[in-house]
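Each ligand, and each atom within it, is numbered from 1 in the order the structure gives. In this chain, residues are counted from 1 in sequence order.
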Amino acid sequence: MSSLSCEDFFYLLGVIHVNVKEKINTLEKKLKAALASVENQAQLQEIKAEFLGKKAEISQFMKHMKDLPDEERPAFGQMVNEAKKRFSDLIEAQREAIKKAELDALLRKETVDVTLDAPDYTLGSTHILNQIIEEIEDLFIGMGYLIKEGPEIETDELNFEKLNLPKDHPARDMQDSLYIGNETLLRTHTSPVQVRTMLAYGGEKPVKIICPGKVYRRDDDDATHSHQFTQIEGLVVDKDTTMSDMKGTLLAVARHLFGPDREIRFRPDYFPFTEPSVEVDVTCANCDGKGCNICKQTGYIEILGAGMVNDKVLKMSGYDPKIYQGFAFGIGVERLAMLKYGIEDIRHFYTNDLRFNKQFKR
Ligand code: FA5
């Protein structure tokens with residue numbers, strides 16, 4: 001067997017070098033072509049595995065190292081490692097290009113053209129009943145009142161008895177009630193919140209509150225009655241409270257709601273919890289008090305019930321009627337809105353017909 005001469009060996013090595021070099025060049029061209037059509041990171045990963053992974057051709061070249069003399073190995077190793085580095089750089093450059101393309105696409109997709117017309121969003125608005133409640137609350141807050149709320153399930157004692165309506169009192173018929181148990185019912189008015197406040201104040205402090213909220217009665221629903229409706233009641237208790245304080249306050253309410261030129265009048269009425277009691281009318285805003293269809297030719301429309309707090313009620317809630325007097329009033333919010341806006345049926349407030357609701361956008 002003839003041994004290789006030194007020249008032959010270098011010749012052989014040169015061929016290996018040349019072949020590997022050529023192979024690397026071919027691989028590099030293949031890699032560039034593959035990278036040119038790559039579209040996403042997943043495809044790029046596959047290409048990386050193919051060209052730089054353990055089974056990649058370039059990784060196999062290192063196996064030739066052992067066939068080389070020691071002095072050739074560094075040059076060979078350097079050539080292969082430089083190729084690997086170039087491959088890796090090409091792949092990473094492509095990775096960055098894909099990232100940038102993906103980001104550009106996302107930004108293009110999410111671009112907002114500020115010159116376009118805004119979409120026609122339909123904005124909701126506060127329900128007319130809540131608008132009136134807020135309007136009345138604002139007026140009373142301006143006059144130094146506090147807003148008090150209470151539970152809709154109430155005791156018979158607070159809803160009736162402490163308001164001078166004992167169990168057998170015929171005036172209980174004025175407010176047909178929905179009982180839940182023997183002693184609990186859905187409140188028929190927000191007056192029990194007034195009782196709760198007086199009891200909490202312990203007969204000592206002056207009271208100046210309004211109590212908005214839902215109330216319930218066993219009334220048959222029709223154009224002017226609902227089994228559930230909204231009230232705002234008010235109560236003032238202090239040491240020098242007179243009927244003219246009440247009149248001035250209610251005149252302010254009437255003018256706030258129906259216009260600055262309105263006048264009010266009192267008609268005698270009956271409520272067990274007030275004495276004297278009055279029905280309050282306001283001059284008709286439609287005809288200025290001259291008489292029209294809306295006010296049934298009377299020149300006035302009825303807006304609320306009121307009165308001076310009955311001594312018995314003050315006493316039952318801990319206030320000494322010789323020292324304290326008070327006035328109270330109760331407004332039916334739906335009825336008030338019907339008068340103000342000429343709404344002919346109370347049921348419009350609850351059916352949520354948008355054609356109705358939209359008329360009262362603030
Ligand atoms: C009361 O509820 C008294 N607590 C009000 C009050 C307070 C008077 C303080 C004096 C002093 P009345 O039952 O009248 O009163 O109800 C008050 C208002 O609620 C009525 O004027 C009316 O506007 C409204 N209302 C009564 N029943 C209904 C109903 N079924 N549906 C819609 N509104 C009603």
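- Of the heavy atoms in S277, none comes closer than 4.0 Å to ligand 1.
- Listed by number with element, the atoms of ligand 1 under 4.0 Å from a non-hydrogen atom of G332 are 18 (C), 19 (O), 23 (O), 24 (C).
- Ring geometry, H189 versus F160: the interplanar angle falls from 30° to 60°, so the pair is classed tilted.
- Between F229 and Y216, the ring center distance fails the sub-6.0 Å criterion.
- Within the structure, ligand 1 lacks F327 among the residues with a heavy atom less than 4.0 angstrom away.
- A salt bridge does not link D353 with K358: none of the charged nitrogens is closer than 4.0 Å to a carboxylate oxygen.
- Between F349 and F356, the ring planes are perpendicular. Angles over 60° get that label, and only those under 30° would be called parallel.
- Here the heavy atom of the protein found nearest to atom 30 (N) of ligand 1 is D219 OD2, 2.7 Å.
- Heavy-atom proximity to atom 16 (O) of ligand 1, evaluated over Q231, R187, E302, is greatest for Q231.
- The protein atom (non-hydrogen) at minimum distance from atom 14 (O) of ligand 1 is F271 CE2, 3.9 Å.
- The contact set between ligand 1 and T274, taken as ligand atoms under 4.0 Å from a residue heavy atom, comprises 11 (C).
- Of the candidates A328, P192, S226, the one placing a heavy atom closest to atom 11 (C) of ligand 1 is A328.
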Report the C-alpha separation of K85 and D89 in whole Å, then their side-chain angles, then the decisive distance to 0.1 Å, and conclude whether the salt bridge (Lys or Arg N to Asp or Glu O under 4.0 Å) test is met.
CA-CA 6 Å; K85 167 93 172 56; D89 287 348; 2.9 Å; yes
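- Checking R95 against Q45 by side-chain atom types alone, a donor-acceptor pair falls below 3.5 Å.
- Under 4.0 Å is where a charged nitrogen must lie from a carboxylate oxygen, and between R267 and E279 no such pair does.
- A heavy-atom separation below 4.0 Å is not found between M174 and ligand 1.
- Ligand 1 is approached by I346 to a heavy-atom distance shorter than 4.0 Å.
- Cluster membership for Y350 and L336, using ILVMFWY side-chain heavy atoms within less than 4.5 angstrom, is shared.
- Of the candidates R335, M246, M338, the one placing a heavy atom closest to atom 23 (O) of ligand 1 is R335.
- Less than 4.0 angstrom separates atom 21 (O) of ligand 1 from none of the non-hydrogen atoms of the protein.
- Those atoms of ligand 1 that come under 4.0 Å of a heavy atom in Q175, given as number and element, are 1 (C), 2 (O), 13 (O).
- For E183 (side chain) and T155 (main-chain N/O), no donor-acceptor pair under 3.5 Å exists by modelled atom type.
- Remark: R255 engages E263 in a salt bridge, criterion side-chain N to carboxylate O under 4.0 Å.
- Of the protein's heavy atoms, F229 CZ, 3.4 Å lies nearest to atom 27 (N) of ligand 1.
- Listed by number with element, the atoms of ligand 1 under 4.0 angstrom from any heavy atom of H189 are 2 (O), 4 (N).
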side-chain contact (heavy atoms from CB on, under 4.5 Å), that's the test. Do K99 and D104 meet it? Break it down for me.
CA-CA 9 Å; K99 261 194 212 163; D104 286 348; over 6 Å; no
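- Residue S191 has at least one nitrogen or oxygen atom sitting less than 3.5 Å from a nitrogen or oxygen atom of ligand 1, judged on distance alone.
- A salt bridge links D281 and R265; the closest N-O separation between the charged side-chain nitrogens and carboxylate oxygens is under 4.0 Å.
- The contact set between ligand 1 and G305, taken as ligand atoms under 4.0 Å from a residue heavy atom, comprises 8 (C), 10 (C).
- Remark: minimum distance from atom 13 (O) of ligand 1 to any protein heavy atom is reached at R217 NH1, 2.8 Å.
- Counting heavy atoms closer than 4.0 Å to ligand 1, residue F329 contributes backbone atoms (N, CA, C, O) but none from C-beta onward.
- Under a 4.0 Å heavy-atom criterion, E233 is in contact with ligand 1.
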